[in-house]
Amino acid sequence: MKNQLFSELGLAQPIFRAVVAEGYERPTPIQAAAIPHLISGRDLIGCAQTGTGKTAAFALPILQRLSTNHKKAPPRSARVLVLTPTRELAAQVGLSFRTYGRYLHLSHALVFGGVGQGPQVKSLSRGADILVATPGRLLDLMNQKHAVLSGVEIFVLDEADRMLDMGFLPDIKRIIAALPRARQTLLFSATMAPEIVRLAEGMLKDPVNVSVAPPASTVDLVEERILFVDDSDKRNLLSLLLKNPAIDRALVFTRTKHGADRLVKQLGQVAVNAKAIHGNKSQSARTAALEDFRVGRCRVLVATDIAARGIDVDDITHVINYDLPNEPQSYVHRIGRTARAGAAGIAISFCGHSEREYLRDIERLLKRPIPVRDDHPFHSESAANAVGSSAAQARNRGNPNRKIGRKNRSRIKRRW
Ligand code: AMP
């Protein structure tokens with residue numbers, strides 16, 4: 001399975017060509033495990049988080065099924081429905097289908113809130129082969145009879161755990177109730193909490209289970225470090241770090257929306273082009289910021305956890321936790337934004353005096369300490385020595401690169 005090639009997965013030529021054009025050499029584990037089952041029409045539960053290649057794991061076989069079974073989508077309906085929790089993720093999944101389907105002649109529709117519904121209604125009116133949607137707006141369109149789901153042949157529920165976290169369960173149930181019973185169904189989730197298993201039992205028929213490395217191990221390629229710093233020095237420390245050109249594309253996390261805006265302003269004062277992305281920004285501002293970041297027009301994107309959920313940008317060299325998250329699982333999600341699909345990345349976390357408990361919770365979740373770096377001018381002994389710090393510190397100082405193999409270490413250009 002490990003050394004499988006894309007050419008062995010039985011993909012049709014136009015799809016295979018698109019994969020090659022993307023520069024993919026080998027299927028990722030979830031792709032190798034899922035694609036053959038999905039091509040044969042099985043239902044599937046995939047336990048995988050973003051960054052594992054899960055989008056292609058479902059998009060490629062779905063495109064394959066559409067291309068081998070030509071049919072016209074009925075008006076106002078779609079042959080494939082993919083539900084995602086956020087607009088950003090919907091846009092990115094939609095883009096992936098277009099990219100992998102570029103040599104096929106398929107129609108696409110994207111439906112999400114926060115923007116006018118007119119163009120979305122139009123794109124659905126004649127029927128679309130592939131519809132990617134967030135639950136709320138899709139239900140709106142269904143209620144207005146602009147969208148009907150009777151033509152759906154394949155249904156994908158992406159990031160089911162986040163959907164539930166965000167309170168979408170009732171919406172999802174209503175959407176599932178409107179789908180034809182005879183269909184292929186796929187569910188992806190980063191975790192398999194009992195409520196996900198219950199949801200899966202109600203919607204899947206004899207599913208194949210595919211599980212790839214649990215979230216904590218996807219961070220193995222990330223070189224992590226903790227920098228103890230007083231809150232009042234955080235902005236100066238960040239400005240200093242950003243002087244290093246090796247920080248080519250940095251995703252910076254703050255705890256609050258206000259904090260994100262303030263930081264963007266402060267970075268502007270030291271001539272760092274940064275943009276913020278959070279829930280108070282309009283959809284068009286979020287899309288523009290993300291696009292600027294993706295194409296390299298802005299080097300630093302400042303985000304809150306919720307806004308960052310759908311971000312799927314390749315080549316993020318650094319994730320910087322300006323504030324540590326109070327939810328330890330968020331730390332894993334955050335740092336997973338770098339080191340995508342096998343590349344190495346660096347995660348730098350600032351930890352102030354008042355954040356020591358957050359750090360303790362994170363290290364408990366990881367079941368290991370995070371290496372500390374104190375060789376910077378803003379190192380704070382008082383933050384370092386707050387609650388229960390010394391043992392972890394002493395254990396770590398020795399070798400901050402401990403988890404990185406030589407090959408990946410050499411891919412990290414500089415120490416910071
Ligand atoms: P995902 O988990 O779907 O968010 O994908 C993570 C990233 O991996 C995306 O940016 C894809 O472009 C990339 N990717 C997906 N499959 C492969 C592959 N087989 N080889 C290299 N990169 C891939």
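Keep in mind that the numbers below use all heavy atoms, side chains included, and drop hydrogens, waters and symmetry copies. If you're wondering where the values come from, they're calculated on a predicted model, not measured in any experiment. First listed ligand is number 1; within each ligand, the first listed atom is number 1.
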Pair Phe16 and Phe6, ring centroids less than 6.0 Å apart: no

Pair Gln117-Gln144, side-chain donor/acceptor within less than 3.5 Å: yes

Passing option when Asp292 is tested against Arg297, Arg299, Arg249 for salt bridge (Lys or Arg N to Asp or Glu O under 4.0 Å): Arg297

Need the ligand 1 atom indices (1-based, order shown) with element for anything under 4.0 Å from a heavy-atom of [X].
X: Thr52; result: 2 (O)
X: Phe6; result: 19 (N)
X: Arg26; result: 18 (C), 19 (N), 20 (N)
X: Thr55; result: 1 (P), 3 (O), 4 (O)
X: Gly53; result: 1 (P), 2 (O), 3 (O), 5 (O), 15 (C)
X: Lys54; result: 1 (P), 2 (O), 3 (O)

Mutual orientation of the aromatic rings belonging to Phe58 and Phe188 [parallel < 30°, tilted 30-60°, perpendicular > 60°]: tilted

Gap separating the CG atom of Leu187 from the CG atom of Asn209, nearest 0.5 angstrom: 10.0 Å

Inter-residue atom distance Met166.CE - Met163.CE, 0.5 Å rounding: 9.0 Å

N or O contact, Tyr100 vs ligand 1, cut-off under 3.5 Å: no

Under 3.5 Å: N/O of Glu25 near N/O of ligand 1: no

